[in-house]
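Input: a single structure, listed below in structure tokens.
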Amino acid sequence: MSERYDAVFIGAGHNSLASALHLSASGWKVAVFEQAAVAGGAVKSGAYTLPGFQHDWAAMNLSLFAGSPFMKVYGAELAQHGLEFAPVASPFSSVFPDGTWCGVSTDAAATRARIAKLSQADAATWTRLTEGFASEAPHLFGLLGARMKLHALAYFVFKTLRTKGLGGTLDVTRFLLQSPRQWLTQTFESPKVQAMLGAWGMHLDFAPDVAGGALFPYLEGMAGQAFGMVLGKGGSDTIIRALVAAITARGGHIETNQTVNRILHTNGKATGIVLADGREITARRAVIANVAPRALPRLTGTTSDFDANLTAFTHAPGTMMIHLALSDLPDWKSGNDLKSFAYVHLSPSLDQMARTYQQAKAGLLPDEPIIVVGQPTSVDPSRAPEGKHTLWLQIRMAPGAIKGDAKGEISATDWPQAAEPFAQRALDILETYAPGTRAKILGLRVVPPTELESDNPNLVGGDQICGSHHLAQNFLFRPVRGFADGSTPIRNLHLTGAAVWPGAGLGAGSGYLLAQKLTGK
């Protein structure tokens, strides 16, 4: 006799767990099955270098989760189950080869002064933008949190027209279509200010010249100034542990180390799943798959046009992670003030970002990869033994399949052989900005794109955002036109996760929107 639930989830990423909690709170009986040893997908933490040093495996920044509509409803409940944040007043900065730097913090005067050292005109522009953010934010966040159906989009346009008029609405539309470089160079005169903000586009696969990417440097800059950043106390997995505990407390069932072999469906309606151990699990109302799009047809065994579009879903270039246990924080050549920043971007120009992106897209190991240096223990010392620190290095971009080396130094074309020399290239770059960092390394763990994917198959080729956000694969088209709400041609079968609108990040958007649709509340 099969086990019976109202909703069955394939995969225990944070979108699945947010959805499962809302369904449980609405009286649904839910079960979640995860093939990994722990829930959370790319959101997990552990002692990946040495005992006592807690590292975030992939995701570190929890700002979107902390400010999400889901948290507004369930934050108090999650706090009762141990969720704890570490707020960051100095969220991000960029360093440059000449020893200068610029960074954004919640101290508006300090941020303006840093920008003014580079350009008085840019400082004035920054003030104008930050002062106007409160009036722009409702339109932009309203769009990013909207259900991506034609009527919802039409309602968004109507509200914007009513508030901003035709000219203002067209200006917003033009902005949403611009590339990062177009907006940044038209808005700021200093190449360093442009680079500081442009680095955020690379987090979502928006190289400087990709249309539709201007929004993200703008939002990250404005939000960093207004709200700072949020990390997880003790590790980013604080949100996962709290979600699992809350679901379990409400009677939900979660199993790890369980691979789903097949989705059961009859007469166009999903009815359950089959596990690798042979168990059949019945779903009375919904099967919800938190998988990379191309994995869904393999589970359903169908071959429709919808399935072909899922198989053709485009993934972003990969990333490589380097986890360091350190005797002390890096001594930044640009000054000790940088030690207080959660992120330090080593991405000195828009041209360098564009070149790195094109090299990775061509399958080449970039000659100068973009490096996001995370310094979580500057904010949360509980992650390391007293006086010691961790460093979180995200190497962007890194091809999932290597065809060559843009610098002509690394001959290996497989990641087991190429990972170590490519990691040394990244550490060489770090050393130029923070001399002596190598001497502080107590433990090191390199995680190439192939290991990210083997650990979590949703990260295809090491793509941490589970799919490009370019215009042809975003908004109404994420993951497939007509199915941006997570629905599929098979009734009661739904897709969730970063591949579904509103996409990547830890805002739990696709999972929460789906659960609201299913429950009607």
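Using a cutoff of 4.0 Å between basic side-chain nitrogens and carboxylate oxygens, E368 and R355 are scored as salt-bridged. Ion pairing of K333 with E431 is absent here, as no side-chain N (NZ or NE/NH1/NH2) approaches a carboxylate O to less than 4.0 Å. Between D98 and K192 there is a salt bridge, since a side-chain N of the basic residue sits under 4.0 Å from a carboxylate O of the acidic one. Between R425 and D428 there is no salt bridge, since none of the side-chain N atoms of the basic residue sits less than 4.0 Å from a carboxylate O of the acidic one.
For R438, the CZ atom sits in a packed shell: over 12 heavy atoms of surrounding residues, nucleotides or ligands are nearer than 6.0 Å. More than 12 heavy atoms of other residues, nucleotides or ligands shown are found within 6.0 angstrom of CD on E409.
Atom CD1 of I402 is separated from atom OG of S411 by 10.5 Å, given to the nearest 0.5 angstrom. A distance of 7.5 Å separates OG1 in T127 from CD1 in I115, rounded to the nearest 0.5 Å. Separation of atoms CG (L452) and CE (M321) is listed at 7.5 Å; rounding is to 0.5 Å. Rounded to the nearest 0.5 Å, atoms CG (L393) and CD (Q375) are 9.5 Å apart.
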(message) Pair H203, H469 - check ring-ring contact (aromatic ring centres under 6.0 Å, His included), show working.
(response) CA-CA 10 Å; H203 285 254; H469 288 73; over 10 Å; no

(request) Mind running salt bridge (charged side-chain N to carboxylate O under 4.0 Å, His left out) on D237 and K44 for me, showing each step along the way? (result) CA-CA 5 Å; D237 68 340; K44 65 177 184 176; over 6 Å; no

(request) Apply the test side-chain hydrogen bond (donor to acceptor under 3.5 Å, both in side chains) to residues Q178 and Q186: give CA-CA distance (whole Å), side-chain angles for both, the deciding distance (0.1 Å), then the verdict. (result) CA-CA 11 Å; Q178 281 186 304; Q186 291 171 12; 3.0 Å; yes

(request) Might you work through the ring-ring contact (aromatic ring centres under 6.0 Å, His included) test for Y218 and F175, ending with a clear yes or no? (result) CA-CA 10 Å; Y218 168 77; F175 170 64; 5.6 Å; yes

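Between W501 and the options F475, F483, F477, a ring-ring contact (aromatic ring centres under 6.0 Å, His included) holds for only F475.
Ring centroid separation for the pair F341 and W332 does not come in under the 6.0 Å cut-off. Within the 6.0 Å centre-distance limit, the rings of W200 and Y343 are counted as a close aromatic pair. Between F70 and Y512, a ring centre-to-centre spacing shorter than 6.0 Å is recorded. In this structure, F96 has its ring center at least 6.0 angstrom away from the ring center of W101.
The main-chain N or O of A484 is never found under 3.5 Å from a side-chain atom of R478 such that the two would form a donor-acceptor pair. Between the side chain of R114 and the main chain of G103, a donor-acceptor pair closer than 3.5 Å is present. A donor-acceptor distance shorter than 3.5 angstrom exists from the side chain of T437 to the backbone of A434, with no hydrogens or angles considered.
Two residues are said to be in side-chain contact when any heavy atoms from C-beta on lie closer than 4.5 Å; K361 and Y357 meet this criterion.
Considering all non-hydrogen atoms of both residues, K517 and S487 come closest at NZ-CB, 3.9 Å. Closest heavy-atom contact between L506 and N61: CD1-O, 3.6 Å.
Evaluation of the salt bridge (charged side-chain N to carboxylate O under 4.0 Å, His left out) test over residues 115-140, restricted to residues two or more places apart or in two chains, returns E136-K164.
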